[in-house]
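Below: one structure, written as C-alpha cells.
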Amino acid sequence: MSKKHYLETLYPTWGQNFVMDEVLFEVDTGHQHLVIFNNAQWGTVMALDGVIQTTEKDEFVYHEMMTHVPMFAHGNAKKVLIIGGGDGGILREVLKHPEVESVTQVEIDQQVIDMCVEYLPNHSAGAYDNPKANIVIADGVDFVNECTEKFDVIISDSTDPMGPGEVLFTSRFYQGIANCLNEGGVFVAQNGVSFLQTDEVITTHKRLSPLFTEASFYSAAVPTYVGGIMTFAWATNNLTLKHVDLDILEARFAQANLSTRFYTPALHQACFALPRYILDAIK
Ligand code: SAM
C-alpha cells in the first residue's frame with residue numbers, strides 16, 4: 001500500500017512534502033489541527049494547521065538559537081517567560097541556564113504539550129516536571145496584558161500569524177510584552193522565513209519600533225523552515241545587549257557549562273548581521 005504524504009500548506013503554490021511512514025497522532029484540538037508522524041529523513045515530525053512546527057532531527061537549531069542568544073546576551077536572566085512553545089524545546093533549553101529561578105510558559109493548547117511529551121519526549125526531556133517550570137494554559141495575548149509580573153527574557157515561540165497564533169503578532173501583544181519586560185530585559189520571537197515572509201518582518205518591525213528603543217532581528221537557517229534563513233525578532237530598551245563582547249559571551253557560555261549542537265558564542269555575534277534585503281525592508 002503506498003504511503004501517505006504530508007504536504008505543507010504554508011504557501012499556496014509551493015511547499016515541502018513528507019512521506020508519512022507512520023501517523024502517530026492526529027486530532028482537531030479545538031484550537032488547531034495537530035498531527036505527529038514519522039519520516040525517514042526527519043524522525044518524528046509535528047505539524048499544526050498544515051505547517052511544520054518541529055522535527056526530531058533539526059529542532060536543536062531553532063531551540064538553541066531562540067533561547068541562548070537572548071539568555072547569554074542578558075547574562076543574568078532569573079525570570080523567563082515563554083509564549084507558546086508547546087513542544088517543550090525552548091523550556092528545555094532555558095532550564096539549562098543555572099541562573100534561572102523560574103520559567104513561566106503560556107501555551108494555549110494543552111494537547112500540544114501532552115502529545116509532544118508522549119511522541120516527542122526528547123523535546124521537553126523532563127522539563128515540564130522541573131520545579132522551576134510554571135505552565136499556564138491560556139492565550140498569550142491575554143496573559144501578557146493582564147500579567148503584573150515582570151520577566152528578564154521573554155521568548156515567543158508561536159505558530160505563524162494565522163489561527164490562534166495570529167494575535168501573537170499584533171501591537172496589543174507587543175504592548176503586553178513591553179508591560180511585563182523587566183528593566184534591561186529582551187524580547188525575542190519567531191518571525192518567519194524572511195525571504196518568503198518579508199511582510200511579516202516589515203510588520204513586526206513597524207509594530208515593535210514605537211514600543212522599544214531597539215527593534216531588530218537576528219537569524220539562523222532552520223532546515224525544515226524552508227526558504228532560507230529564519231528571522232527572530234529582537235526588542236529591548238537596553239542597546240548594549242546586542243553588542244556583548246565575544247570574550248564575555250565565551251565566559252558566560254563556559255560558566256553555564258551547557259552543551260549545544262548549533263549555538264556558539266561566535267555564531268551568536270554573527271547572527272545579528274542581516275542581509276541587505278532585510279535591512280532595506282525595515283528601513
Ligand atoms: N517552532 C515552531 C515555529 O517556529 O513555527 C513553533 C513551535 S510551538 C509548536 C508553537 C506553539 O504556539 C504551539 O504549541 C501552539 O499551540 C502555540 N500557540 C499558538 N497560538 C498561541 C496563543 N495565542 N497563545 C499561546 N500559545 C499559542
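We count residues from 1, following the sequence as given. Order of listing sets the numbers, starting from 1, for every ligand and every atom in it.
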Point to revise | Residue, atom name and distance, where the atom is the protein heavy atom closest to atom 22 (C) of ligand 1 | key: Leu168 CD1, 3.6 Å
Review point. Which residue and non-hydrogen atom of the protein lie closest to atom 24 (N) of ligand 1, and at what distance in Å?
Key: Gly140 N, 2.9 Å
Exercise for review: Would you please classify the geometry between the Phe253 ring and the Phe72 ring as parallel, tilted or perpendicular, with 30° and 60° separating the classes?
Suggested key: perpendicular
Study note, to complete from the structure: Distance col, row Cys180:SG vs Phe187:CZ, nearest 0.5 angstrom, shows 9.5 Å
Exercise for review: Please report which non-hydrogen protein atom sits nearest to atom 18 (N) of ligand 1, along with the residue it belongs to and the distance in Å to one decimal place.
Suggested key: Ile108 CG2, 3.8 Å
Point to revise | Tyr62 vs Tyr225, ring-ring contact (aromatic ring centres under 6.0 Å, His included): CA-CA, chis, key distance, verdict | key: CA-CA 9 Å; Tyr62 172 84; Tyr225 298 158; 5.3 Å; yes
Review point. Is a side-chain N or O of Glu107 found less than 3.5 angstrom from the main chain of Asp109, in a donor-acceptor match?
Key: yes
Review point. Hey, which atoms in ligand 1 end up nearer than 4.0 Å to a heavy atom of Val112?
Key: 14 (O), 16 (O)
Practice item. For Val167, take its heavy atoms, then give the atoms of ligand 1 lying under 4.0 Å from any of them. Key: 23 (N)
Review point. What residue and atom, counting heavy atoms only, is the protein's closest point to atom 16 (O) of ligand 1, and at what distance?
Key: Glu107 OE2, 2.6 Å
Review point. Near Asp139, which atoms of ligand 1 are under 4.0 Å from a heavy atom of that residue?
Key: 22 (C), 23 (N), 24 (N)
Check your understanding: Which residue owns the protein heavy atom closest to atom 6 (C) of ligand 1, what's the atom, and how far is it?
Key -> Gln53 OE1, 3.1 Å
Review point. Has Leu48 got any heavy atom lying under 4.0 angstrom from an atom of ligand 1?
Key: yes
Check your understanding: For the residue pair Phe272 and Trp234, does the interplanar ring angle fall in the parallel (under 30°), tilted (30 to 60°) or perpendicular (over 60°) class?
Key -> perpendicular
Revision key, fill the gap. shortest atom 4 (O) of ligand 1-to-protein heavy-atom contact is with Tyr62 OH, 3.3 Å
Review point. Could you give the distance from CG (Asp157) to CD (Gln53), rounded to the nearest 0.5 Å?
Key: 8.5 Å
Review point. Do any heavy atoms of Ala138 fall under 4.0 Å from ligand 1?
Key: yes
Review point. Do the side chain of Asn39 and the main chain of Phe18 share a donor and acceptor less than 3.5 angstrom apart?
Key: no
Check your understanding: By number and element, which atoms of ligand 1 are closer than 4.0 Å to a non-hydrogen atom of Asp109?
Key -> 16 (O)
**Study point:** Enumerated ligand 1 atoms positioned under 4.0 Å from heavy atoms of Asp87
**Key:** 7 (C), 8 (S), 9 (C)
Revision key, fill the gap. Counting from 1 in the order shown, the ligand 1 atoms closer than 4.0 Å to a non-hydrogen atom of Thr159 are 10 (C), 12 (O), 19 (C), 20 (N)
Check your understanding: Does at least one non-hydrogen atom of Met46 fall below 4.0 angstrom from an atom of ligand 1?
Key -> yes
Check your understanding: Taking the non-hydrogen atoms of His63, is any one of them nearer than 4.0 angstrom to ligand 1?
Key -> no
Revision key, fill the gap. A student checking ligand 1 against Val106 at a 4.0 Å heavy-atom cut-off should list atoms 25 (C), 26 (N)
Point to revise | Heavy-atom gap Tyr225 to ligand 1 smaller than 4.0 Å | key: yes
Point to revise | Expected output: side-chain Glu214 to main-chain Leu239 donor-acceptor under 3.5 Å | key: no
Practice item. Describe, in one word, how the ring planes of His97 and His68 are oriented to each other, choosing from parallel (under 30°), tilted (30 to 60°) and perpendicular (over 60°). Key: tilted
Point to revise | Other residues, nucleotides, ligands: >12 heavy atoms within 6.0 Å of Gln255 CD | key: no
Exercise for review: Could you label the plane-to-plane angle of the Tyr277 and Phe195 rings as parallel, tilted or perpendicular, counting under 30° as parallel and over 60° as perpendicular?
Suggested key: perpendicular
Study note, to complete from the structure: CZ of Phe25 to CG of Leu34, rounded to nearest 0.5 Å, is 5.5 Å
Check your understanding: Considering only the protein, which heavy-atom contact is closest to atom 10 (C) of ligand 1, and what is its distance?
Key -> Asp157 O, 3.2 Å
